[in-house]
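Below: one structure, written as structure tokens.
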Amino acid sequence: MDRFAPVRSVAVPFARDNIDTDQILPARFLHLPRDADHGACLFRDLRWRADGSEDPDFPLNRAPWRDVRIALGGRNFACGSSRENAVWAMHGHGFRAVIAPSFGDIFAQNGLKNGLLPVRLPEATVAAMIARAEADPSAELTVDLQAQHVIDADGIAHPFEIDPFARRCLLDGIDELAFTLSHHEDIAAFENRIGRDNQ
Amino acid sequence: MPTMFEKIWNGHRVLEREDGQTLLYVDRHLLHDGTAPAFEMLRKRGVKLRAPERAFATPDHYMPTDTRRIDEIANPELREMVASLTRNAAAEGFTLFGLDDARQGIVHVVGPEQGISQPGMLIVCGDSHTSTHGALGALAFGIGMTEVAHVLATQCLWQRKPRAMRITLDGALAPGVTAKDMILHIIAHIGTAGATGHVIEYAGSAVRALSIEARLTLCNMSIEAGARAGMVAPDNTTFAYLAGRHYAPTDWDRAVEGWRALCSDADAVFDTEVALDAGAIAPTVTWGTSPQEAVAVDGIVPDPAAAPDAARRAEMTAMLDYMDLRAGQPVAGIALNRVFIGSCTNGRLEDLRAAAAIAQGRRVADGVRAWVVPGSAPVKRAAEEEGLHQIFLDAGFQWREAGCSMCLGTNGEIGAPGERIAATSNRNFRGRQGPGVRTHLMSPAMAAAAAITGRITDIRTL
């Protein structure tokens with residue numbers, strides 16, 4: 001995983017509550033291998049019409065948001081299916097952060113493990129950012145994980161919470177697995193306590 | 001003092017991290033044919049499975065339900081998904097219920113059926129409907145692919161402790177009302193994010209009265225309310241269900257004694273409490289593109305004009321547009337093209353019995369294609385021993401092999417754009433059953449009635 005650097009970008013609004021991961025990455029692309037171009041499948045059935053033409057109303061098809069690294073979402077963003085492929089699709093398209101009032105739990109965890117930062121900010125703050133993005137699509141935000149804040153288009157910093165360990169992993173570009181493997185003696189001790197097969 | 005969830009959580013703690021996360025030990029890791037990327041992640045790092053004896057796998061997501069032969073899967077990419085699970089099982093030494101195994105089925109049907117899922121266990125699977133197994137008094141939740149790889153390598157998982165929610169349903173269910181109607185009613189009440197960050201314990205006399213298969217349906221859709229997991233305290237119904245199953249504990253009496261101690265203490269405190277009157281639940285159907293958009297079958301499609309704010313109005317309008325429905329339209333009477341009876345939500349023997357009871361002596365309406373897809377090979381066999389398959393076939397239903405099938409269509413079994421489907425599965429998301437397909441969720445009996453009349457039908461009036 002790459003080290004998570006500060007992200008400065010325009011921010012595309014997906015201004016609806018309860019956007020599910022079936023929308024983000026439709027099920028018919030779930031068999032694609034990890035190194036496939038998941039970004040090309042992102043919001044596949046909302047970005048393109050059935051006849052194969054782009055839907056000009058979908059935000060990702062509008063000029064300043066074609067090249068975008070920050071998403072703004074509604075409540076309960078990316079609920080539903082546990083498919084990590086939804087995160088791969090967003091990351092593959094270029095996204096590095098999603099700012100929303102709340103997330104589907106599994107999506108948020110998957111994001112942290114793949115360099116896609118879920119940023120929870122108060123509903124009113126996100127609503128203001130969405131309104132600003134819609135009024136001025138070229139307005140840029142900065143997501144700074146080191147400083148743990150988002151700087152809005154007016155230069156105001158909005159602090160956010162994140163698990164310190166997940167933050168460290170993202171900033172250093174490492175994953176949890178090596179850390180857990182280094183604790184194999186603790187795991188073995190637990191296994192000895194419960195029996196190799198505890199049932 | 002502790003809740004059942006806390007007791008199970010505490011019993012699986014290996015380590016605490018300074019940021020407040022806990023390393024939990026996983027008793028059972030369930031795998032399916034969508035797990036290939038996790039094995040690839042491990043191979044790249046040169047890591048082997050820590051405890052293959054705790055992993056159980058079965059192909060369900062990618063296998064077509066009109067054949068049991070891998071070489072008959074026309075799409076080579078889908079064929080490879082199923083084949084790779086077989087290869088990984090052989091290479092890594094975990095148990096596989098393959099296509100030639102009499103125990104194959106949907107992973108969330110197989111676990112309870114074989115006695116793999118037991119009270120007090122911590123169970124994970126790379127699938128959000130893993131909450132199903134909580135019906136037996138386990139803590140069971142879905143995880144992402146990187147987490148699957150982490151569990152394969154370490155048999156452990158880092159988690160921040162969720163909050164505890166209790167949903168109490170007292171009273172007796174009215175005739176024609178099932179666990180599916182209960183959970184749709186609950187989700188409509190608390191919302192699709194109503195239990196986010198929580199583990200739900202379902203309690204109350206109406207839950208106690210449910211069979212294990214019905215509790216599996218109830219817990220299955222906990223994720224549709226945003227919950228990490230759903231669970232029901234184990235009781236004599238649970239013990240009777242598990243007794244004699246293949247993987248049930250050999251030291252049975254000692255196991256049951258331990259299981260009895262799992263129940264939430266009388267003075268246990270939940271972070272959130274919800275109480276609902278089970279007697280007030282009607283047969284329930286979804287009208288929109290989220291499981292929370294559910295109403296009583298004798299109700300009407302709601303009006304966006306009555307929405308509390310502009311955002312909700314826009315959301316409802318978009319749903320009506322996609323679903324091709326109008327505000328105020330009665331839900332009963334909506335015409336259908338297809339019917340799907342099956343899935344990890346409603347693909348068990350009791351579900352098929354309920355559907356067959358409606359189908360018996362009747363015919364599927366002209367122009368409607370109706371499928372029955374058993375949740376597992378044992379369910380299929382048991383149904384055939386009872387003659388249920390003949391009832392379905394005589395009525396004009398297709399009787400298929402076990403798998404996830406049209407619940408999410410990863411095996412290619414999807415509807416055509418514009419088709420409207422009555423489904424006993426768990427998600428009515430836009431495009432869930434194929435691009436442009438419209439899904440109405442309901443119970444197996446209601447789906448069977450819909451097949452017979454060709455319209456959404458109140459079974460109480462059939």
Side-chain angles (χ1 to χ4, degrees), chain A residues 15-18 20-23 26-28 30-35 44-46 50 74-76 79-85 87-88 102-107 109-111 113-114 127 163-168 175-181 183-184 186-187 189-191 194 196-199, chain B residues 14-15 17-21 23 25 27 34 37 40-41 45 47 50-51 53-54 61-62 77-78 81 118 121 126-128 142-147 149-150 153-156 158 160 192-193 196-197 223 226 228 247 249 255 290 311 314-315 408-410 414 417 427 429-432 435-436:
Chain A
R16 206 174 268 179
D17 292 340
N18 305 318
D20 57 79
T21 52
D22 274 72
Q23 308 312 308
R28 64 184 183 280
L30 286 178
H31 67 275
L32 295 177
R34 177 66 188 90
D35 54 4
R44 184 65 184 74
D45 296 333
L46 298 174
R75 284 175 289 199
N76 199 25
C79 59
S81 163
S82 57
R83 59 189 68 172
E84 195 159 317
N85 317 55
V87 166
W88 301 343
S102 57
F103 293 89
D105 285 335
I106 307 177
F107 177 86
Q109 284 304 314
N110 288 339
K113 291 165 170 49
N114 286 276
D163 282 333
F165 187 85
R167 174 174 171 272
R168 184 45 46 204
D175 65 27
E176 250 173 4
L177 183 53
F179 176 77
T180 313
L181 287 169
H183 284 282
H184 67 93
D186 296 294
I187 301 171
F190 184 92
E191 284 171 333
I194 62 166
R196 187 67 184 170
D197 186 357
N198 58 326
Q199 304 312 321
Chain B
V14 177
L15 272 180
R17 210 163 59 193
E18 56 186 25
D19 66 347
Q21 292 220 20
L23 188 67
Y25 196 78
D27 295 311
E40 204 48 50
M41 290 175 195
R45 297 177 77 122
V47 177
R50 181 176 182 95
E53 71 279 8
R54 293 182 180 277
H61 282 62
Y62 290 92
E77 290 173 321
L78 304 190
M81 296 300 282
Q118 296 171 18
M121 282 187 168
D127 187 280
S128 60
I143 56 177
M145 197 65 76
T146 304
E147 292 177 318
H150 189 280
T154 66
Q155 204 55 32
C156 293
W158 291 103
R160 180 171 293 282
T192 191
T196 299
I223 179 71
R228 288 301 275 139
Y247 290 93
S290 165
E315 183 183 34
L408 79 169
T410 37
I414 56 173
R427 287 185 175 138
F429 296 149
R430 195 182 159 112
R432 173 77 175 179

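These numbers come from a predicted model, not from an experiment. Naming: A, B, ... by sequence-line order, numbering from 1 per chain.
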For each of B:Ile223, B:Leu15, B:Thr196, tally heavy-atom pairs with chain A at distances under 4.5 Å, and name the one with the top tally.
-> B:Leu15
Under a 4.5 Å heavy-atom cut-off, does chain B meet the side chain of A:Asp175, its backbone, both or neither?
-> side chain
Could you tell me which portion of A:Asn114 (side chain, backbone, both or neither) has an atom closer than 4.5 angstrom to a non-hydrogen atom of chain B?
-> side chain
If you tally heavy-atom pairs under 4.5 Å between each of A:Arg75, A:Lys113, A:Arg16 and chain B, the highest tally belongs to A:Lys113
Non-hydrogen atoms of chain B under 4.5 Å away: do they reach the side chain of A:Pro26, the backbone, both or neither?
-> neither
First locate atom CD of B:Glu315, then atom CG of A:Asn18, and finally report the distance between them rounded to the nearest 0.5 Å.
-> 5.5 Å
Does A:Gln23 use its side chain to pair, donor to acceptor, with the backbone of B:Arg430 at less than 3.5 Å?
-> yes
Proximal component of B:Pro417, with respect to chain A [non-hydrogen, under 4.5 Å] = neither
Measure distances from B:Ala255 to the heavy atoms of chain A and classify the residue's part below 4.5 Å as side chain, backbone, both or neither.
-> neither
Okay, B:Arg432 and chain A: the region with an atom under 4.5 Å from a heavy atom over there is both
Which of A:Asp45, A:Thr180, A:Leu46 touches chain B most, by non-hydrogen pairs under 4.5 Å | A:Thr180
Quick one: of A:Gly74, A:Gly80, A:Cys79, who has the most non-hydrogen atom pairs under 4.5 Å with chain B?
-> A:Gly80
For residues A:Leu177 and B:Ala153, report the shortest heavy-atom separation together with the two atoms involved.
-> CD1-CB, 3.7 Å
Is it the side chain or the backbone of B:Gln21 that comes within 4.5 Å of chain A heavy atoms, both, or neither?
-> side chain
Should the pair A:Phe179 and B:Trp158 be assigned to parallel (<30°), tilted (30 to 60°) or perpendicular (>60°) ring geometry?
-> tilted
Roughly how far apart are B:Arg427 CZ and A:Ser81 OG, rounded to 0.5 Å?
-> 5.5 Å
In this structure, CD of A:Glu176 is separated from CG of B:Leu23 (nearest 0.5 Å) by 9.0 Å
Grab the two heavy atoms, one from B:Asp19 and one from A:Pro164, that are nearest each other, plus how far apart they are.
-> CB-CD, 3.4 Å
Which region of A:Ala50, side chain (C-beta onward) or backbone (N, CA, C, O), has a non-hydrogen atom less than 4.5 Å from a non-hydrogen atom of chain B, or is it both or neither?
-> neither
Mind listing the closest non-hydrogen atom pair of B:Met145 and A:Glu84 along with its distance?
-> N-OE1, 2.6 Å
For chain A, the option from B:His61, B:Gln155, B:Arg228, B:Glu40 that forms the most heavy-atom pairs under 4.5 Å = B:Arg228
Measuring heavy-atom distances to chain A, does B:Ser290 have an atom under 4.5 Å in its side chain, in its backbone, in both, or in neither?
-> neither
Over all atoms of both residues, closest heavy-atom pair of A:Asp186 and B:Val14 | O-CG1, 3.8 Å
Cut-off 4.5 Å, heavy atoms of chain B, and the answer for A:Arg83 is side chain
CD1 on A:Ile106 to CD1 on B:Ile143, rounded to 0.5 Å = 9.0 Å
If you count heavy-atom pairs under 4.5 Å with chain A, which of B:Pro435, B:Ala314, B:Pro37 comes out on top?
-> B:Pro435
Output for pair (B:Met81 CE, A:His31 NE2), nearest 0.5 Å, gives 8.0 Å
Below 4.5 Å from any heavy atom of chain B, which atoms of A:His184 appear? Answer side chain, backbone, both or neither.
-> both
Below 4.5 Å, heavy atoms only, C-beta onward: do A:Asn110 and B:Thr146 meet side chain to side chain?
-> no
Contact class of B:Arg17 relative to chain A, heavy atoms under 4.5 angstrom | side chain
When rounded to the nearest 0.5 angstrom, what distance separates CG in B:Leu408 from CZ in A:Arg28?
-> 12.5 Å
